Amino acid sequence: MTVASAAPRLIDRGDLLAALDRAAAGKVTIISAPAGSGKTSLLRAWAHQPGRPHRLAVVSVQRDQHDAQQFWLALLDAVRHASATVGRAEPQAATPDFNATATVDRVLSELADARGGITLVIDDLHELHSPEALDQLTRLLMNLPPNVHAMLAARRDMRLRLHQLRLAGELAEIRAADLRFSERETRELLHASGIALSADGAALLHQRTEGWAAGLRLAAISLAGHPDPERFVAEFSGSDRTVAEYLIAEMLDRQPAGVQDLLLRTSLLDRVNGELADVLTGRPGSERILLELEDANAFVESLDPERTWFRYHRLFGDLLRLELRRALPEEVPALHRRAAEWFIQHGQVVDAIRHTQAAGDWPDAARLLADHSFSLTLDGQAQTMQALVRAFPPGADHSELALVRAMGDLAQGRLDETAAHLAVAETYAGTTPPGRRRRLQVAIASLKLSLARRRGHLAGVIEQARFLASPVTGPSDEDIALGSDLRAVALMNLGTVEAWSLGLPDAERHLREGAVLARGIGRPYLEVGCLAQLAFAYIFHGAAMPKIHAFATTQRRCREAITLAERYGWGTEPVIAPALMTLAGTMVWVGEFDEGERWLRRTERALQTDTGPDIRLLLHQAAGILHAGRGRRHEALEEFGAAEHLASQLEGSQALASQMAGWLLATQARLGRPAEARARLAVRPSGPAVRDDGRPGAARGAAPA
């Protein structure tokens, strides 16, 4: 089967390339023009110029991109490849606690360290629907190192505050008028396509298309082999949508039947490979056809150096989908279902859910989304997940979505809304068929523990903890085993609550099991989370050991967790805060005040996006001990007071609350305020020990920090 050829890949647009070369002397170039204007083709032509001095870090934004994290990780990876540092460190992995500011700083650091010039190329920026990502992109562009230039291509002007660069002459802008083909370039395109057209005909074609790149390419396809090219041009309106659709239809008609069928059936995909195309067409050999289409420049382009994944030009794809709905309307839902099945088999859950929704199978889409909600959150796709929720028809009753909505609210700190959605999910789980009931119950219990930790209400979830501690999380349970991510999250949340409640002895065991499972399934975020909490849990339950031994073991565990976190770029994120805080506390406790203070400052940075009272409580406590050790008793009293206030919010952690009050009492006594201390002591059922020398001592079983 032979693909009908089309226009040549590129023609020389020397004036535009020279304009890009001049622009590259500044900081930022923005190429803003509608679809079909030739933005991507221009960038490719510029990138492939002989002797190009700069290395390129290229990112093409995925269609309908909602998560800032995916964009920034892709950009960081592209910069590392361009600067040849990709093998020196682990790739930064996705995390639910994504810190965009820290990642932008990391990109800037990599760019500053790179030898030679680097050009950032960001294509299809209009597909980025994250205001946070655009804000951070503005910060990146305003702070680019001297050896870096950025080129941004989008269909419309983006909300980037770059007026200072414009005033400084560091911003170049190329728009639709600049991208229009000149009459000379139109003649060159026709000549390169083997089309014989008079000078007047070429001038008329340029006039009718107004130099629109896609219109000229479509016309060239139709003109190839046309019996009367002059008449065609006389009747052609290159900017009219209906004519463009006609040209697409004519192009399809000129292709062999198998190629037409492949183009139509795969047009509903954002990207396609040979195997997936075979599934949708029901025939082998699709990869060869896709390669031939790209070689023929038939509006098909590869997305990777190996040429395994392809996409259609956006305009071409839009028109193909119109033709698909016209020609094969009854087959569209089945095609979406086949695509969804392929994507779920290959672990591409978001695409699977989108195609299930497109097929109109809303209950199945809700089930898929609920089943994979923990995995999507761990993959840093929380905003994409909520966008998928919003795609459901208004008023549709899909109770499983309550679980997904609860996760979104919890991530945004909307705790009351989280509790309300969990109540709906719990009611629904009670009527779910047994095959899915236990999975939903484990997910709900795990989220309840996470919510309780954020609120500091640990006492109210003991039953949830006991439920998760039962064999329901065991590997023999097939329903839970199919969601290893869920089981690892459940073990981490369970062990965390057990450690903080101080009344449940299995914290270490569950956290250790969670860490081992997380390592086995390739979830470093969960492994770090378990190890960080494990270090904290150990110092609480290891008090029977000699203190110096306990501290040495605790510090070693903390550093192991911190090293693993740093490997993935999470050295100052909330997930590692328990290990940072415990390490700081042990340093302060043994009198290494300067080192302890350094770790306290790092803990503060890690807690910038964490609102839970638990680690902040210990932060104030350790700061109080630090001040007391340096003789700053008034500052110590202030810190202990803040810690006691937070401890009062931890309903299930009486030992911590008692310890905070003990520190406060002892400090008041040392400040010569015995009346205040006695008044406070009078309303407490019991208090912690106070050493004979007036220094507060740790209650048995409590953390020294």
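Predicted model only: the values in this text are computed from it and were never measured.
- One finds a salt bridge joining R283 and D261 here, because a Lys/Arg side-chain nitrogen approaches an Asp/Glu carboxylate oxygen to under 4.0 Å.
- The one candidate from R22, H149, E170 that meets the side chain to side chain donor-acceptor pair (under 3.5 Å) condition with T29 is H149.
- A salt bridge is defined here as a Lys NZ or Arg NE, NH1 or NH2 lying under 4.0 Å from an Asp or Glu carboxylate O, and R159 with D135 fails to meet this definition.
- Annotation: R231, atom CZ; neighbour count of heavy atoms from other residues, nucleotides and ligands within 6.0 Å does not exceed 12.
- Considering every non-hydrogen atom in both R307 and S302, the closest pair reads CG-OG, 3.7 Å.
- Between H355 and F343, the angle of the ring planes stays under 30°, which puts this pair in the parallel group of the 30/60° scheme.
- Distance CD/E292 to CD/Q255: 10.0 Å, rounded to 0.5 Å.
- Ion pair R44/D123 not flagged as a salt bridge, since none of the NZ, NE, NH1 or NH2 atoms sits closer than 4.0 Å to an Asp/Glu carboxylate oxygen.
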Could you walk me through whether E230 and S198 satisfy the side-chain hydrogen bond (donor to acceptor under 3.5 Å, both in side chains) test, starting with their C-alpha distance in whole Å, then the side-chain angles of each, then the deciding distance to 0.1 Å, before giving a yes or no?
CA-CA 8 Å; E230 303 291 336; S198 68; 3.1 Å; yes
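- Note on R321 versus D318: salt bridge recorded, some NZ/NE/NH1/NH2 to OD/OE distance being below 4.0 Å.
- Using a 4.0 Å cut-off between a side-chain N of Lys or Arg and a carboxylate O of Asp or Glu, R139 and D105 qualify as a salt bridge.
- The two residues T377 and M407 make their nearest non-hydrogen contact at OG1-CE, 3.2 Å.
- The closest side-chain heavy-atom distance from N143 to V104 is not below 4.5 Å.
- Annotation: side chain of T266 is not in contact with side chain of L276 (no heavy-atom distance under 4.5 Å).
- Of all heavy-atom pairs spanning P145 and L111, the tightest one is CG-CB, 3.9 Å.
- Neither side chain, W342 nor D351, offers a donor N or O lying under 3.5 Å from an acceptor on the other.
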I would like to know whether D124 and R311 meet salt bridge (charged side-chain N to carboxylate O under 4.0 Å, His left out); could you show each step before the answer?
CA-CA 13 Å; D124 293 330; R311 75 172 182 182; 2.9 Å; yes
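- Summarising the geometry of G201 relative to V233, their closest heavy-atom pair is O-CG1, 3.5 Å, with the distance given to 0.1 Å.
- In summary, the side chains of E275 and H346 do present a donor paired with an acceptor at a separation below 3.5 Å, with no hydrogens or angles considered.
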For L179 and I31: C-alpha separation, side-chain torsions, deciding distance, then whether side-chain contact (heavy atoms from CB on, under 4.5 Å) applies.
CA-CA 9 Å; L179 291 170; I31 306 174; 4.0 Å; yes
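- With E400 contributing its side chain and A370 its backbone, the two residues share no donor-acceptor pair below 3.5 Å.
- Note that the CZ atom of R180 and the CG atom of L16 stand 12.5 Å from one another [nearest 0.5 Å].
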Test side-chain contact (heavy atoms from CB on, under 4.5 Å) applied to L140 and L120, step by step
CA-CA 11 Å; L140 175 84; L120 301 179; 4.0 Å; yes
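- Side chains of L291 and E287 form a contact here, defined as non-hydrogen atoms less than 4.5 Å apart.
- With rounding to the nearest 0.5 angstrom, the CG atom of L42 is 9.5 Å from the OG1 atom of T40.
- Looking at heavy atoms from C-beta onward, Q348 lies out of side-chain contact with R354 at the 4.5 angstrom threshold.
- In this structure, S193 contributes its side chain and I195 its backbone to no donor-acceptor pair below 3.5 Å.
- Between the H206 side chain and the T186 main chain, no donor and acceptor come within less than 3.5 Å of each other.
- In summary, D157 and R175 engage in a salt bridge, as defined by a charged side-chain N under 4.0 Å from a carboxylate O.
- H66 is not listed as a side-chain neighbour of L128, based on a closest heavy-atom distance of 4.5 Å or more.
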Can you list the steps and then say if Q70 with Q62 is a side-chain hydrogen bond (donor to acceptor under 3.5 Å, both in side chains)?
CA-CA 9 Å; Q70 290 184 311; Q62 298 177 22; 5.1 Å; no
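- In this structure a side-chain-to-backbone donor-acceptor pair under 3.5 Å is present from Q386 to V404.
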Between L369 and M385, is a side-chain contact (heavy atoms from CB on, under 4.5 Å) present by the stated rule, with each step listed?
CA-CA 8 Å; L369 189 50; M385 192 166 66; 3.7 Å; yes
Test side-chain contact (heavy atoms from CB on, under 4.5 Å) on I30 and L162 and set out the steps.
CA-CA 11 Å; I30 293 178; L162 302 177; 3.9 Å; yes
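- Salt-bridge check for E341 with R338: failed, with every basic side-chain N at 4.0 Å or more from each acidic carboxylate O.
- Using modelled atom types, no side-chain atom of R156 and backbone atom of A33 make a donor-acceptor pair closer than 3.5 Å.
- Judged by distance alone, the side chains of N273 and T308 never bring a donor and an acceptor atom under 3.5 Å apart.
- Between E185 and R187 there is no salt bridge, since no side-chain nitrogen of the basic residue lies less than 4.0 Å from a carboxylate oxygen of the acidic one.
- Here R271 does not pair with D304 in a salt bridge; the nearest charged N to carboxylate O distance is not below 4.0 Å.
- For the pair K39 (side chain) and S32 (backbone), a donor-acceptor distance under 3.5 Å is absent.
- Of all heavy-atom pairs between E132 and A100, the closest is OE2-CB, 3.6 Å.
- Taking NE2 of H372 as the reference point, atom CG of D379 lies at 11.0 Å (rounded to 0.5 Å).
- Side-chain atoms of Q357 and W362, non-hydrogen and from C-beta on, do get closer than 4.5 Å to each other.
- Residues T356 and R337 form no side-chain contact, since every pair of their non-hydrogen atoms from C-beta on lies 4.5 Å or further apart.
- For the atom pair CG of L137 and CE of M142, the computed distance is 12.0 Å after rounding to the nearest 0.5 Å.
- The side-chain heavy atoms of L293 and L263, taken from C-beta on, include a pair separated by under 4.5 Å.
- Every side chain to side chain donor-acceptor pair (under 3.5 Å) that E331 has, sequence neighbours left out, goes to R265.
- Smallest separation of non-hydrogen atoms from G38 and A213: N-CB, 4.1 Å.
- Here the straight-line distance linking atom CG of L141 with atom CG of L171 works out to 9.0 Å at 0.5 Å rounding.
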